[in-house]
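Data block below; observations after.
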Amino acid sequence: MAAMLVILTGFSAVSQEQELDKIYEGIEFDMPRVKETSFPDYAKRITDFGAEAGGLIKNTEAINKAIEEVNSKGGGKVIVPRGIWLTGPIILKSNINLHLDDGALLLFSKDFDDYPLIETSFEGLKTVRCISPIYAKGVENIAITGKGTIDGNGDAWRPVKKGKMTDSQWKNLVKSGGILSEDKKMWFPSEGSKKGYDSSTNFNVPDLIGEEKLESVKDFLRPVMISIVASKGILLDGPTFQNSPAWNIHPLMSEDIIIRNLNVRNPWYSQNGDGLDLESCKNVLIYNNTFDVGDDAICFKSGKNKDGRDRNMPTQNVIVKNNIVYHAHGGFVIGSEMSGGVKNVHISNCTFIGTDVGLRFKSTRGRGGVVENIYISNIDMIDIPTEAIRFNMFYEGNSPVLEDDQDAGDESRDEKLMPVTEETPSFRNIFMKDIRVIGSKKAAFLMGLPEMKLKNVHLENAIFEVEEGITIIDGLNISLKNVKIIQKESPALIIYNSEDIDVNEFEFDKNPVGPSVQILGKSKKIKFSKSNISDADLEVAKNNKIQVIN
């Protein structure tokens, strides 16, 4: 029996290594091998330091003592056994593997006094917020593993919009306590939370009150649940991360990161309830995870406006494979805080089921930053209520499906030619292939800026069973190859103010009463080949230059 155990253990190690090898297969850029974590064979249980299960007694001191003890011995595993473990903030140290046994529930306190204010970064800006339930800064070789659950008790922190709930849900929430906004359309969990909201001209900081008064609105300054800053060698493998106060998992300015086998969840109504926000990080693997969240699921960022440009740390060298996303504003997202740039990203073998948008790219004038060398392949989407693929360069914070307090006009296209400066965002060299979409609203919306067009974007081997087709606005060197649109409404393709558009093997459902393809605005160098487009299918604005080769 002992010999058999040795064999099985060896097989497991080999399988893990083989799985990692497959993750690196087919990558289109020079991807450094991520440095993996490794821990000494030393372990302590939190019960060794006086922790008590049951969810009634705070175990903050016991858990942090266990971490300090294991760290002082050179590192190893801190074990959270089965049970409910109530705690305040946990501070990870180098060489610590926080391991949650199957059935372990790490439940964070609702007591805001447990979370001191610290200087940090949120939504791409330097700011002050409450410390995160799990926090690490400047550490190396850390992990959170196991089959347990980490719950941020986010309902204690988050405001809720009435429009995101059914009538009965809203009535029950109001009965539970809290404070309503003057228009009765938003619920706040506390007076401090509402005061902070009313004292803010932006989401991040209550800037209408002095810094000395931030303590009085700390309920409003809700943290991300997992904050890992300026660290190296990070492994998240196995647990469920759920119910975060704001974003769920936020690696920032860190490197050599592996995120796998996670179940990341937030209520669909959760304000800013992102799943994973990878910001200014490099050398990262994200695979075999599931997401069901209240905002963007897998989101890449690199700082906002001047703060991001001054930081000048792109998110780069990232592989995203074999993930499933259920509810989310976007399945895979870049932006809108991308001022430090995003480059060298591979996304493949992912499924988006009912996300508001599938592949979502967003920015706006003032951001600056370059997003380039993005390779996307083998993506399946179903029941996307807006666009399966969306590039929006006029993003002003709206949800893809507009909420009661949002206006589509906020993000309408401005045709003015603005000067190109360091504040002008640029998206280029983006390659998408083997995309399959059914039961969705719109196939794709590709929009650049008049002064900085969306450049060198390629879509190949794609089929869309949708209500509406593809729209290209302010694009340069865009290609569609072997793309089929099964659309309920025409046109199948709209091209506006774009140049060097190559459409090859384009198949669509023809409109019996009007044109199926429109070339509008000041478009030129539009080429169709092997697409069987007739004159009756085309509407071409005066002076637009197209070429049809069939």
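Phe300 meets the ring-ring contact (aromatic ring centres under 6.0 Å, His included) test with Phe332; sequence neighbours excluded.
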>> Show, in sequence, the C-alpha distance, side-chain angles and deciding distance for Tyr375 and His346, and conclude whether the ring-ring contact (aromatic ring centres under 6.0 Å, His included) test is met.
In response: CA-CA 5 Å; Tyr375 302 87; His346 171 103; 7.8 Å; no

>> Go through it in stages, so that I can follow the logic: the residues are Glu215 and Lys218, the test is salt bridge (Lys or Arg N to Asp or Glu O under 4.0 Å), and I'd like the CA-CA distance, side-chain angles, deciding distance and then a yes or no.
In response: CA-CA 5 Å; Glu215 194 72 33; Lys218 66 182 301 184; 3.4 Å; yes

>> Using the rule given for side chain to side chain contact (heavy atoms under 4.5 Å, CB included), can you reason through Leu98 versus Val80, listing the C-alpha separation, both sets of side-chain angles and the distance that settles it, and then say yes or no?
In response: CA-CA 8 Å; Leu98 182 65; Val80 181; 4.0 Å; yes

> Does the side chain to side chain contact (heavy atoms under 4.5 Å, CB included) test come out yes or no for Leu117 and Leu221, once each step is laid out?
Replying inline: CA-CA 8 Å; Leu117 295 175; Leu221 300 173; 3.8 Å; yes

> Please walk me through it: do Lys195 and Glu191 pass salt bridge (Lys or Arg N to Asp or Glu O under 4.0 Å)?
Replying inline: CA-CA 6 Å; Lys195 180 182 176 183; Glu191 290 187 9; over 6 Å; no

> Are Arg367 and Ser336 close enough, and set up right, to give a side-chain hydrogen bond (donor to acceptor under 3.5 Å, both in side chains), and what steps lead you there?
Replying inline: CA-CA 8 Å; Arg367 291 282 190 268; Ser336 69; 3.0 Å; yes

> Hey, mind stepping through Asp296 and Lys362 against salt bridge (Lys or Arg N to Asp or Glu O under 4.0 Å) and telling me if it holds?
Replying inline: CA-CA 12 Å; Asp296 291 328; Lys362 50 184 176 174; 2.8 Å; yes

>> side chain to side chain contact (heavy atoms under 4.5 Å, CB included), that's the test. Do Asp383 and Ile353 meet it? Break it down for me.
In response: CA-CA 6 Å; Asp383 297 336; Ile353 303 172; 5.7 Å; no

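Proximity of a side-chain donor or acceptor of Ser231 to a complementary backbone N or O of Val139 within less than 3.5 Å is detected. Between the side chain of Thr315 and the backbone N or O of Lys301 there is at least one donor-acceptor pair closer than 3.5 Å. Although no hydrogens or angles enter the test, the distance criterion places a donor-acceptor pair under 3.5 Å between the side chain of Ser302 and the main chain of Gly341. Formation of a donor-acceptor pair under 3.5 Å by the Asp151 side chain with backbone atoms of Asn153 is found in this model. Under the 3.5 Å distance criterion, the side-chain polar atoms of Lys321 are matched with a main-chain donor or acceptor of Ile23. Of the possible polar contacts, one joining the Asn323 side chain to the Asn289 backbone as a donor-acceptor pair under 3.5 Å is found. Judged purely by atom type and a 3.5 angstrom limit, Asn71 uses its side chain to pair as donor or acceptor with the backbone of Ser94. Of the possible donor and acceptor atoms, none in the side chain of Asn248 sits under 3.5 Å from a partner among the backbone N and O of Asn266. Side chain of Ser254 to main chain of Leu252: a donor-acceptor pair is present (N/O by atom type, distance under 3.5 Å, no hydrogens or angles). Between the side chain of Asn141 and the main chain of Ser38, a donor-acceptor pair closer than 3.5 Å is present.
Under a cut-off of 6.0 angstrom, the local environment of NZ in Lys232 is sparse, with at most 12 non-hydrogen atoms contributed by other residues, nucleotides or ligands. For Gln169, the CD atom is densely surrounded, since the number of other residues' heavy atoms within 6.0 Å is greater than 12. Other residues, nucleotides and ligands place more than 12 heavy atoms under 6.0 Å from the NZ atom of Lys58. Other residues, nucleotides and ligands contribute at most 12 non-hydrogen atoms within 6.0 Å of the NZ atom of Lys433. More than 12 heavy-atom neighbours from other residues, nucleotides or ligands sit within 6.0 angstrom of CD on Glu28. More than 12 heavy-atom neighbours from other residues, nucleotides or ligands sit within 6.0 angstrom of CZ on Phe431. For Phe49, the CZ atom counts as densely surrounded, since its 6.0 Å shell holds more than 12 non-hydrogen atoms of other residues, nucleotides or ligands.
Between Asp21 and Arg33 there is a salt bridge, with a side-chain nitrogen of the basic residue lying less than 4.0 Å from a carboxylate oxygen of the acidic one. Between Arg265 and Asp292 there is no salt bridge, since none of the side-chain N atoms of the basic residue sits less than 4.0 Å from a carboxylate O of the acidic one. We find that Lys343 and Glu372 are not joined by a salt bridge, their nearest charged nitrogen and carboxylate oxygen being 4.0 Å or further apart.
For the residue pair Arg222 and Gln271, the shortest heavy atom distance occurs at NH1-O, 3.0 Å. When every heavy atom of Phe122 is checked against every heavy atom of Thr127, the shortest pair comes out as N-CG2, 3.7 Å. Pro267 and Arg158 make their closest contact through CG-NH2, 3.5 Å (heavy atoms, listed as atom of the first residue, atom of the second, distance). Closest approach of Asn317 and Asp30 over heavy atoms only: OD1-O, 4.1 Å. Nearest heavy atoms, Lys304 versus Leu125: O-CD2, 3.7 Å. The two atoms that bring Ile374 and Val371 nearest to each other are CG1-CG1, 4.0 Å, heavy atoms only.
Checked by atom type, the side-chain pair Asn378/Arg436 shows a donor-acceptor distance below 3.5 Å. Asp295 and His329 share a donor-acceptor pair across their side chains, judged by distance under 3.5 Å alone. Side-chain N/O atoms of Thr290 and Asn263 include a donor and acceptor closer than 3.5 Å.
Ile96 is listed as a side-chain neighbour of Val70, based on a closest heavy-atom distance under 4.5 Å. Inter-residue side-chain proximity for Asn243 and Asp155 is flagged as met; some heavy-atom pair is nearer than 4.5 Å. With a 4.5 Å cut-off on side-chain heavy atoms, Phe427 and Val457 do not count as touching. A heavy-atom distance below 4.5 Å is found between the side chains of Tyr287 and Ile258. Side-chain atoms of Met31 and Leu285, non-hydrogen and from C-beta on, do get closer than 4.5 Å to each other. At a threshold of 4.5 Å between non-hydrogen side-chain atoms, the residues Glu123 and Trp247 count as touching. Contact annotation: the side chain of Ile435 approaches that of Met381 to within less than 4.5 Å [non-hydrogen atoms, C-beta and beyond]. Between Leu100 and Ile150 the shortest side-chain heavy-atom distance falls below 4.5 Å.
Here the NZ-NZ distance, from Lys73 to Lys44, works out to 8.0 Å after rounding to the nearest 0.5 Å. Note: Ile91 CD1 to Asn64 CG = 6.0 Å, rounded to the nearest 0.5 Å. If you take CD1 on Ile67 and CG on Asn97, they are separated by 10.5 Å, rounding to the nearest 0.5 Å. Remark: Lys137 NZ to Leu92 CG distance equals 15.0 Å, nearest 0.5 Å. The distance from atom NZ of Lys213 to atom OG of Ser199, rounded to the nearest 0.5 Å, is 9.0 Å. Ser190 contributes atom OG, which lies 11.0 Å from atom CZ of Phe220 (distance to the nearest 0.5 angstrom).
Residues in residues 79-113 take part in these ring pair (Phe, Tyr, Trp, His ring centres under 6.0 Å) pairs, two or more places apart or across chains: Phe112-Trp157.
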